[in-house]
Amino acid sequence: DLNYGTPGRNPIPISVGNAKQLLCDDFFLAMAAVDKWDELFYNVKFSNGIVQKHGSPVMEGDEEDWETGLAWSNVIKLNNLYQLWYMSYNATSENNGKVSYAESEDGIHWEKPKLGIIDINGSKANNVVFDGGFESDGGEFGNVFHDPHERPDEQYKMVYACGAARGAKELSAESARVGIHLEVTGNVRGASSPDGIHWLRYPGNIRGQYHDTQNLGMWDPTLEKYVVYHRSGTTFGAIDTWNYKVKGQRRGRAVGRIESDDFRTWTTSEVALAPDAVDGLNTDIYNSAYARHPDNPNVHYLFPSFYRHYEGTFEVQVCTSRDNKNWTRVCRDTFIPLGKPGEFDCFIVSVAPGIIKVDDTTWALYYRSGDGPHRGCPPSTFELDYQSKSRMSRVTFKEDRVIGIEAGKAKGHFSTRALSFEGNQLIVNTE
């Protein structure tokens, strides 16, 4: 029973054990008791940490004629080996969207092993590990995650979107004939693997409709459930009161969320994060880019790209959650700055899921880059002299310093709710 305004009553402390805690949102912050104005959250603000960009691509889609570009990617670091899965494609091919594999000892220089699994143009001498499975048109990669609680032959899992092979050509031809965009039919699917290399598609679908962009999943050991974040949408401007009804308008892209006990049966989708009036009607949320804090099971991040229609840019913000369900944005500044005009990431920064521990004090995020505007922006934007190409790069930053509380030049102050902890020493990490 928390009551800070009644003399003689003390709040029940929040037990934090001996785990590291983050002031990444207002969860631990207190309202001041009567007359204790120096305990108020005053003259301070939430600010993003400072990232160091690598400054150039660390991976490009350049594997001969069948891989002219790469798209969505994600990196896992296990036993000091960086493992990368990414969507490779050929801009001139009809059967597109293969999942390819690479690995690295330093996270910068990548090797693409010749694995001999998937036939591409009459040869298996490539690094492709998955082509979408039965009746697939190739698919759009989501992510791979390690699932140590699962049986050995399913300890790696994949989430991906797949357009329907049957009727896809006819749908494309009809779109061209009528001059409008017709939605691709398809599904969000899953696959499993014992080693991250050899994959078997699950027979059922995660979602019985096609969601493009990077849909992704994970095992949450706190919830003891699988969670998938996928492309969704919202509406605005609706009203239904008394005898006055106005139908809402489509608000644009948003992030949907579903969960499962067994990676086979899933809940009804709910919107987890959507743009709002502050973002403006120029803005969609393009992807989710989920990452759990490496050391605290109750701190979760999203690094979504906010698509600015008029500018054609993807700009990354930070969202936080304590339960992997409810999300807040306490700072709306751009987390990873776009590059200067003409640089490889001057228009697009789209973060790959997962925080990677580089060493004891440094974390990394990998991201997809683009040096041209996203389609759908005004024609004048495309008149700029840019040749859009998708690559992968990364940023590094100090451990824990994703988002925190910062003071300005004038004196500020805040207080926490009462805490209880194990041990006899409490360390406050400030800079």
Query raised in the report: For T222, what residues pass the side-chain contact (heavy atoms from CB on, under 4.5 Å) criterion, not counting sequence neighbours?
Result: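 With sequence neighbours excluded, T222 shows a side-chain contact (heavy atoms from CB on, under 4.5 Å) to D220, R292, P297, N298, given in chain and number order.
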Could you tell me the separation between the [atom1] atom of [X] and the [atom2] atom of [Y], rounded to the nearest 0.5 Å?
{"X": "M158", "Y": "R189", "atom1": "CE", "atom2": "CZ", "result": "12.5 Å"}
{"X": "L426", "Y": "N18", "atom1": "CG", "atom2": "CG", "result": "12.0 Å"}
{"X": "F236", "Y": "R251", "atom1": "CZ", "atom2": "CZ", "result": "7.0 Å"}
{"X": "L23", "Y": "T320", "atom1": "CG", "atom2": "OG1", "result": "11.5 Å"}
{"X": "I76", "Y": "L81", "atom1": "CD1", "atom2": "CG", "result": "11.0 Å"}

Is a side-chain N or O of [X] found less than 3.5 angstrom from the main chain of [Y], in a donor-acceptor match?
{"X": "E343", "Y": "K340", "result": "yes"}
{"X": "T213", "Y": "N287", "result": "no"}
{"X": "N326", "Y": "R322", "result": "no"}
{"X": "R391", "Y": "S393", "result": "no"}
{"X": "N187", "Y": "N205", "result": "no"}
{"X": "D345", "Y": "I348", "result": "no"}
{"X": "D333", "Y": "Q317", "result": "no"}
{"X": "S104", "Y": "H109", "result": "yes"}
{"X": "D147", "Y": "Q155", "result": "no"}
{"X": "E39", "Y": "S415", "result": "no"}

Could you check whether [X] makes a cation-pi contact with [Y], meaning its NZ or CZ is under 6.0 Å from the centre of the six-membered ring and within 45° of the ring axis?
{"X": "R368", "Y": "W72", "value": "yes"}
{"X": "K98", "Y": "Y89", "value": "no"}
{"X": "R417", "Y": "F27", "value": "yes"}

Above 12 or not: heavy atoms from other molecules or residues under 6.0 Å from [atom1] of [X]?
{"X": "I50", "atom1": "CD1", "result": "no"}
{"X": "H149", "atom1": "NE2", "result": "yes"}
{"X": "N80", "atom1": "CG", "result": "no"}
{"X": "K20", "atom1": "NZ", "result": "yes"}
{"X": "K398", "atom1": "NZ", "result": "no"}

If we only count heavy atoms from C-beta on, is the [X] to [Y] side-chain gap below 4.5 Å?
{"X": "Y290", "Y": "V228", "answer": "no"}
{"X": "L216", "Y": "P353", "answer": "yes"}
{"X": "L338", "Y": "V349", "answer": "yes"}
{"X": "E67", "Y": "K112", "answer": "yes"}
{"X": "V188", "Y": "Y160", "answer": "no"}
{"X": "I108", "Y": "R394", "answer": "yes"}
{"X": "L302", "Y": "L273", "answer": "yes"}
{"X": "W110", "Y": "M392", "answer": "yes"}

Report task. Kindly state whether the ring of H230 and the ring of W266 have centres lying under 6.0 angstrom apart. Result ->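 No: the rings miss the under 6.0 Å criterion.
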Query raised in the report: side chain to side chain contact (heavy atoms under 4.5 Å, CB included) with H309: which of T283, L281, N282?
Result: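 Passing option: N282.
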Query raised in the report: Given L365, which of I356, V316, I355, V75 fulfils the side chain to side chain contact (heavy atoms under 4.5 Å, CB included) condition?
Result: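 Of the listed residues I356, V316, I355, V75, the side chain to side chain contact (heavy atoms under 4.5 Å, CB included) partner of L365 is I355.
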Looking only at side chains, do [X] and [Y] share a donor and an acceptor under 3.5 Å apart?
{"X": "E315", "Y": "Y286", "result": "no"}
{"X": "S260", "Y": "T265", "result": "no"}
{"X": "D359", "Y": "T362", "result": "yes"}
{"X": "S192", "Y": "E154", "result": "no"}

Report task. Test side chain to side chain contact (heavy atoms under 4.5 Å, CB included) on Y210 and R231 and set out the steps. Result -> CA-CA 9 Å; Y210 184 84; R231 164 71 67 79; over 6 Å; no
Query raised in the report: At their closest point, which heavy atom of C24 faces which heavy atom of V299, and how far apart are they?
Result: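 Minimum heavy-atom separation between C24 and V299: SG-CG1, 4.1 Å.
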Requested in this report: Might you work through the side-chain hydrogen bond (donor to acceptor under 3.5 Å, both in side chains) test for Q214 and Y229, ending with a clear yes or no?
Outcome: CA-CA 9 Å; Q214 192 168 20; Y229 288 101; over 6 Å; no
Report task. For side chain to side chain contact (heavy atoms under 4.5 Å, CB included), just list the numbers for L115 and N126, CA-CA rounded to whole Å, side-chain angles, deciding distance to a tenth of an Å, and then say yes or no. Result -> CA-CA 6 Å; L115 298 171; N126 57 64; 6.0 Å; no
Report task. Give the intermediate values and the outcome of side chain to side chain contact (heavy atoms under 4.5 Å, CB included) for residues K389 and E60. Result -> CA-CA 9 Å; K389 186 173 182 179; E60 299 195 33; 3.2 Å; yes
Report task. Determine, stepwise, if the pair K77 / E103 fulfils salt bridge (charged side-chain N to carboxylate O under 4.0 Å, His left out). Result -> CA-CA 10 Å; K77 187 180 180 183; E103 55 190 34; over 6 Å; no
Query raised in the report: Yes or no on side chain to side chain contact (heavy atoms under 4.5 Å, CB included) for Y82 and Y366, after CA distance, side-chain angles and deciding distance?
Result: CA-CA 12 Å; Y82 293 81; Y366 287 84; 3.8 Å; yes
Query raised in the report: Considering the options Y310, F314, F347, which one meets the ring-ring contact (aromatic ring centres under 6.0 Å, His included) requirement together with H374?
Result: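 In the set Y310, F314, F347, the residue that makes a ring-ring contact (aromatic ring centres under 6.0 Å, His included) with H374 is F314.
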Query - Candidates F303, Y367, F306, Y301 - the one meeting ring-ring contact (aromatic ring centres under 6.0 Å, His included) with F335 - result: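 Option passing the ring-ring contact (aromatic ring centres under 6.0 Å, His included) with F335: F303.
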Query - Worked check of ring-ring contact (aromatic ring centres under 6.0 Å, His included) between F41 and H413 - result: CA-CA 6 Å; F41 191 86; H413 46 72; 9.4 Å; no
